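What you see is a predicted model, and the numbers here were worked out from it, not measured in a lab.
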Amino acid sequence: PSAPQPRSPSAPQPASTSTFATRSPGSRTSPIADRSPSSNRVSPPELAGVGMYLENKEGLKRGTLVVKTLHPEGTAKASEKIATGNILTKIDGRDTSSMQAEDLGPYILGPIGSKVELEFYENDQASTPNTVTLTRGFATKGSPVAIQG
């Protein structure tokens, strides 16, 4: 009989449309590569967001990406600088005016503990944006990730 073939690494699962909530502690957001003792593969980093759900709304002058809800354990809510109804205009300096909510995963999701800079307008009438730097992961007590902001 022939020896079993090594498993190939699984591709990361795409983010669901407009959902960027962090996962509960201990859960994975991307599959882990083969962990067999004979494997020399390195597992991909676990990915996390900042715990906000966005939706597209047309007819706004500041952009179309609006914060729909905040995850209670996410760093977005814990920062107390982001609220429902805020309009996201930039992610790490990248303009979001032509983006759809389902396309934001590669920009908001990242390795747990890494930072992401977000620019928001409080509402469509606000004249000055607010910039917030958050750490991807959790902000709840006992979490390995502290809030930055």
Heavy-atom closest contact ([X] atom, [Y] atom, distance):
X	Y	result
Pro111	Ser114	O-OG, 2.6 Å
Thr75	Gly137	CG2-O, 3.9 Å
Ser79	Leu134	CB-CD2, 3.6 Å
Ala48	Ile112	CB-CG1, 3.6 Å
Ala76	Met52	CB-CB, 4.3 Å

Using atom types as modelled and distance alone, determine if a side-chain donor or acceptor of [X] lies under 3.5 Å from a backbone N or O of [Y].
X	Y	result
Asn56	Met99	yes
Arg62	Ala126	yes
Asn86	Glu122	yes
Thr89	Glu119	yes

ask   = Roughly how far, to the nearest 0.5 Å, is the OG1 atom of Thr69 from the CG atom of Leu54?
value =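 It comes to 8.5 Å.
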query = Strictly by modelled atom types, are Lys115 and Thr135 linked by a side-chain donor-acceptor pair under 3.5 Å?
reply = yes
query = Considering the options Ile91, Leu118, Ile108, which one meets the side-chain contact (heavy atoms from CB on, under 4.5 Å) requirement together with Thr96?
reply =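 Result: among Ile91, Leu118, Ile108, Ile91 is the only option passing the side-chain contact (heavy atoms from CB on, under 4.5 Å) with Thr96.
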Among Leu65, Asn123, Ile87, side-chain contact (heavy atoms from CB on, under 4.5 Å) partner for Leu60 = Ile87
[Y] reachable from [X] in the ILVMFWY side-chain graph, under 4.5 Å edges:
X	Y	result
Phe120	Leu70	yes
Val66	Tyr107	no
Leu88	Tyr121	no

ask   = For Arg136 and Leu109, what are the C-alpha separation, side-chain angles and deciding distance, and is it a side chain to side chain contact (heavy atoms under 4.5 Å, CB included)?
value = CA-CA 7 Å; Arg136 294 172 174 108; Leu109 296 175; 5.6 Å; no
